[in-house]
Amino acid sequence: MALEIAVLAAGASYAGGVFTYEEPVGAHERAPLRPGHLVLVPFGRSGRPEPGIVLRRIAGPSKKPVSLEAPLESSVRHRVQSGRPLKAVLRPLEAEPVLDPLRLEWAGWLSRTYLVPINECLRLMIPAGLIPRREPIYERISGPSGGQLEQAVAVSFAEQVLLAALAEGPLTHSEAHAVLRDFPLTERRRALQRLLQRGWIRKGWRIGERRPPMLRWVRLRTLPDPTFRLGRNRAVVERRRRLFERLQAMERPLPADWLQAETGCTAQDLRQLARWGFLELFEQPAWEIIDPYPVPEDPPNLTPDQALAWRSIARALEAGRFHAFLLHGITGSGKTELYLRAVAEVLRRGKGAIVLVPELALTPQTARRFEARFPGQVVVWTGGMAPTQERALWERVRRRQARVIVGTRSALFVPVPDLGLIVIDEAHDPSYKQGIQPEIPYLLPAYHAVDAALALARLADAVVILGTATPGVELRDLAERGVLEELSLPRRLRGYRQRLAEQARAFGASLDRFVEIETEVLETGLPSVEVVDMRQELKAGNTGIFSRTLERALDQVLRHGQQAILFLNRRGAAPFLFCRDCGHLIRCAHCDLPLAEHLHPTRWVCHHCGAVEKPTARCPRCGSRRLKGMGIGTQAVEEAVRKRWPEARVLRWDLDTAPTRAAHALIWQRFANGEADVLIGTQVLTKGLDLPLVTLVGVILADVGLGLPDFRAAERTFQLLVQVAGRAGRGLFGGRVILQTYRPDHPAIAMAARYDFDGFYRKELTFRKAHGYPPFQRLVRLLYWHADPERAREAAERVGEALRQHLERKGIPPTAMIGPAPCYFSRLRGLYRWHILLRGPDPVAWLRDFPLPPAWRVDVDPLDVL
């Protein structure tokens with residue numbers, strides 16, 4: 001029996017990604033390999049073992065059967081089919097299929113929609129922790145030995161050392177390099193290559209055993225006698241006492257790493273106390289959960305708006321068929337409570353749910369709310385996790401020990417059994433789009449999580465809820481065309497009477513301004529927005545960062561002990577550096593972008609490739625010392641706040657201060673706990689943060705990004721401003737928003753100040769229709785890059801001419817193709833970039849029979865054309 005297998009190796013995509021292999025003999029009688037099975041197959045000329053996913057079985061006689069129990073070296077047998085040898089599967093990696101037919105069908109949809117091989121789509125669904133470690137192993141089979149080695153002709157000293165070592169037994173690749181550690185790397189590689197060419201050694205592969213990720217647990221056996229000496233000094237005794245107190249209070253085993261972080265004890269403390277017999281240390285697979293969970297929170301009563309929306313969602317969940325909602329709720333309107341209700345209903349029906357958030361920074365806050373409502377059922381999935389952690393969480397979901405996934409866009413690919421619901425919060429956010437990354441050797445699909453989720457839900461007969469306060473033009477168009485059912489939450493909830501009354505007593509506030517819309521729920525409107533024309537500030541002699549209006553407002557906030565957010569979507573101290581004598585702009589050596597100035601320590605940083613350069617005192621073109629940073633970034637705002645309000649406690653939240661999920665959670669928690677008065681940050685501040693003491697939001701420069709030559713620039717600006725305005729006035733004291741801008745009459749700024757969603761949508765729709773942009777036409781962007789600018793141009797023009805002829809044969813009008821042309825950012829990371837744009841009702845169909853060279857990348861429905 002032959003099998004079609006999608007090989008998950010990096011080089012497999014360039015050959016189509018799918019290959020035919022022989023099924024090992026004995027597999028059919030014992031456990032036949034089925035579609036969705038994860039297997040190990042020999043790939044390439046070296047026969048390197050690579051993982052693959054079985055797509056389908058192909059009937060056919062086998063000439064030379066292979067035993068599953070044969071050693072690896074002899075397990076690769078062949079049979080001849082159409083004059084070509086057929087390699088055999090080495091072995092299955094899991095006893096049962098890891099992907100169900102639904103996910104295989106979805107992978108096919110992803111492949112057809114985003115024009116990438118299906119193996120690249122399947123790779124997104126397999127955690128790295130499932131793949132065993134594979135390492136080359138060398139074995140000596142002939143050649144001179146003993147004293148003959150020194151007499152052998154043209155045998156280098158490195159080869160002699162290696163042959164002598166191999167005479168005592170096989171060596172892995174790392175062991176061979178360790179034997180030759182005194183030789184340069186090039187000499188080591190040459191020695192291995194020459195011995196292989198001579199046939200004196202042969203190369204095989206060793207496959208490591210996959211030990212499941214284990215979690216270490218601590219159980220209290222008995223408490224020590226009060227007179228027992230727990231350590232030699234006071235610090236050791238104190239932390240060990242805290243350890244016993246924590247274990248005694250919880251009355252159950254606790255994870256060792258969590259216990260160490262909680263009490264400050266060390267691994268040595270645990271081992272010593274276990275030797276004395278006070279503790280028991282044991283390990284279990286990381287997905288086996290043994291501790292009981294707290295009682296879940298009771299859901300609050302719904303407001304009339306929430307109840308109306310919930311009736312539609314409940315009907316769709318009860319029907320058990322595909323249905324998609326656009327939940328348009330202003331900031332603070334209670335969308336999350338509807339998400340929680342929907343997940344509860346799905347769990348009650350024995351199904352699973354996926355909840356996506358746009359940013360890594362939002363996962364801690366969102367996960368806490370879901371874990372409180374569904375203890376023991378929630379898994380948090382984000383990119384960049386360790387392979388063992390990925391596998392542990394993946395196994396918990398696969399074994400139905402957790403049925404709710406909360407995470408960023410990659411969480412969509414966790415194969416949740418019996419999927420019943422997909423929630424995408426802040427569905428308008430651009431982070432749901434997978435970008436094109438030239439440095440990655442894989443042909444990853446440039447998918448959009450919203451489109452991919454809708455396709456998956458159709459296959460699974462699941463319900464999709466797309467929640468947003470600022471729906472994009474395409475989402476609103478889908479709702480108007482009936483693809484999505486629009487639900488509205490037009491009123492803002494300030495909170496529940498009991499909680500607000502407690503806060504009012506604590507802060508000496510009043511509840512008089514609130515409107516009671518339900519027995520327990522109080523409501524007020526969105527915060528007022530004031531637009532400050534910075535051109536008038538300059539005329540009045542104010543050349544500082546802050547307008548006089550914003551200064552007075554911040555004075556008032558600090559005087560009353562409240563909190564403020566200052567938003568600027570630029571990092572660093574100054575986005576540009578230029579010479580005031582010759583006008584030279586300091587650019588990144590690898591990108592066609594200016595370097596930004598950062599402080600503490602002072603350095604010049606490229607915000608695209610991350611390159612850091614040491615500042616110089618002189619202009620590299622004219623030698624002048626008059627180099628000056630222009631513009632402002634979050635660091636400059638922080639410096640100005642500390643100088644103007646030295647008594648204020650300031651936090652900054654951007655990629656420089658929070659590069660990890662833990663750092664994001666720490667900054668948010670410190671500000672939420674009232675440990676700072678002013679929070680300065682970039683667009684991470686605009687999404688989903690509920691901070692009740694924030695009464696002022698100041699947007700330092702509202703028109704950042706409006707000057708970019710991109711058809712979505714106005715839409716992104718409108719969404720950012722409305723979202724960041726929603727951070728103000730979510731608590732007792734109301735709030736206000738101040739937008740500083742040099743373009744107060746721009747529609748995106750003027751309509752954001754009025755919260756005019758419909759007006760902006762209609763105006764933007766008119767602009768898109770006039771220029772043939774989505775949703776009226778679809779776009780496909782073809783990208784090419786090369787380190788040599790001339791080769792990049794030639795390759796782009798060559799493909800452009802071939803594509804133009806291809807479209808002519810199909811009868812496609814010439815206006816459907818734009819380019820080839822250099823990208824707006826023509827050089828990034830040392831590569832010169834060219835692109836071609838296709839515009840039409842279905843440009844993807846035009847490319848399915850066009851032989852695009854492998855070095856090109858396809859971006860279907862791009863979010864920008866920069």
Side-chain angles (χ1 to χ4, degrees), residues 10-14 17 107 109-124 358 383-384 408-410 412-413 429-452 474 588 590-593 606-610 708-713 716 773-774 778-789 791-793 795-796 799-800 803 817-839 843-844 846-848 850-866:
S13 301
Y14 300 99
W109 178 89
L110 290 167
S111 174
R112 294 189 302 274
T113 301
Y114 296 104
L115 299 175
V116 295
I118 192 172
N119 65 324
E120 297 293 350
C121 304
L122 292 168
R123 184 199 306 281
L124 298 171
T408 50
R409 67 171 182 263
S410 60
L412 186 63
F413 296 93
D429 197 274
S431 62
Y432 285 122
K433 172 73 171 176
Q434 170 66 50
I436 300 291
Q437 301 176 356
E439 65 274 12
I440 295 179
Y442 308 116
L443 300 175
L444 292 176
Y447 68 92
H448 197 295
V450 170
D451 298 328
E474 285 94 331
C588 174
H590 311 286
C591 305
D592 188 25
L593 291 172
C606 175
H607 285 169
H608 184 84
C609 71
L708 291 174
D710 185 69
F711 70 95
R712 297 186 196 272
R716 278 196 292 267
Y773 288 128
R778 290 186 67 191
L779 294 178
V780 170
R781 187 185 190 199
L782 307 182
L783 279 159
Y784 181 81
W785 44 81
H786 200 280
D788 185 336
R791 289 188 61 178
R793 181 189 63 79
V799 168
L803 183 57
M817 176 177 162
I818 304 172
C823 299
Y824 178 73
F825 298 123
S826 60
R827 184 170 177 250
L828 294 177
R829 300 180 186 269
L831 301 176
Y832 293 87
R833 307 164 71 237
W834 284 67
H835 64 171
I836 299 172
L837 288 176
L838 298 179
R839 181 171 57 187
V844 174
W846 306 340
L847 293 171
R848 289 202 175 105
F850 178 74
L852 193 67
W856 285 74
R857 296 289 190 271
V858 181
D859 190 358
V860 176
D861 300 322
L863 289 189
D864 65 69
V865 291
L866 300 175

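Only this structure's heavy atoms are used, side chains among them; waters, hydrogens and symmetry mates stay out. The first residue of the sequence shown is numbered 1, and numbering continues consecutively from there.
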Determine the minimum heavy-atom distance between [X] and [Y], stating which atoms define it.
X	Y	result
Leu803	Leu847	CD1-CD2, 3.9 Å
Val116	Pro445	CG2-CB, 3.6 Å
Thr113	Val860	O-CG2, 3.5 Å
Trp856	Ala796	CZ2-CA, 3.7 Å
Tyr784	Ala792	CE2-CA, 3.7 Å
Cys121	Ser111	SG-N, 3.6 Å

Working to the nearest 0.5 Å, report the span between [atom1] of [X] and [atom2] of [Y].
X	Y	atom1	atom2	answer
His590	Leu831	NE2	CG	11.0 Å
Arg829	Cys588	CZ	SG	9.5 Å
His448	Asp859	NE2	CG	10.5 Å
Phe850	Leu115	CZ	CG	12.0 Å
Ile118	Trp109	CD1	CH2	13.0 Å
Leu782	Arg857	CG	CZ	12.0 Å

State whether Asp429 and Arg409 are salt-bridged, where the test is any N-O pair (Lys NZ or Arg NE/NH1/NH2 against Asp/Glu carboxylate O) under 4.0 Å. no

Below 4.0 angstrom, N of the basic side chain to O of the carboxylate: do Arg712 and Asp864 qualify? no

Check step by step if side-chain contact (heavy atoms from CB on, under 4.5 Å) holds for Leu110 and Phe413. CA-CA 12 Å; Leu110 290 167; Phe413 296 93; 3.8 Å; yes

Full working for side-chain contact (heavy atoms from CB on, under 4.5 Å) between His786 and Tyr832: CA-CA 5 Å; His786 200 280; Tyr832 293 87; 5.9 Å; no

Under the criterion side-chain contact (heavy atoms from CB on, under 4.5 Å), I'd like the reasoning laid out for Ile436 against Trp785: C-alpha separation, chi angles, the key distance, then a yes or no. CA-CA 11 Å; Ile436 300 291; Trp785 44 81; 3.4 Å; yes

Partner residues of [X] under the salt bridge (Lys or Arg N to Asp or Glu O under 4.0 Å) criterion, sequence neighbours left out:
X	value
Asp451	none
Asp788	none
Arg716	Asp710

Which word best sums up how the rings of Tyr447 and Tyr114 line up, parallel for under 30°, tilted for 30 to 60°, or perpendicular for over 60°? perpendicular

Do side-chain atoms of [X] reach the backbone of [Y] as a donor and acceptor pair under 3.5 angstrom?
X	Y	result
Arg833	Leu828	no
Arg848	Arg112	yes
Thr408	Pro358	no

I'd like to know whether Asp861 forms a side-chain contact (heavy atoms from CB on, under 4.5 Å) with Leu779, so could you lay out the CA-CA distance, the side-chain angles of the two residues, the decisive distance to 0.1 Å, and finally the verdict. CA-CA 5 Å; Asp861 300 322; Leu779 294 178; 5.6 Å; no

May I ask you to test the Pro117-Arg123 pair for a side-chain heavy-atom distance under 4.5 Å? no

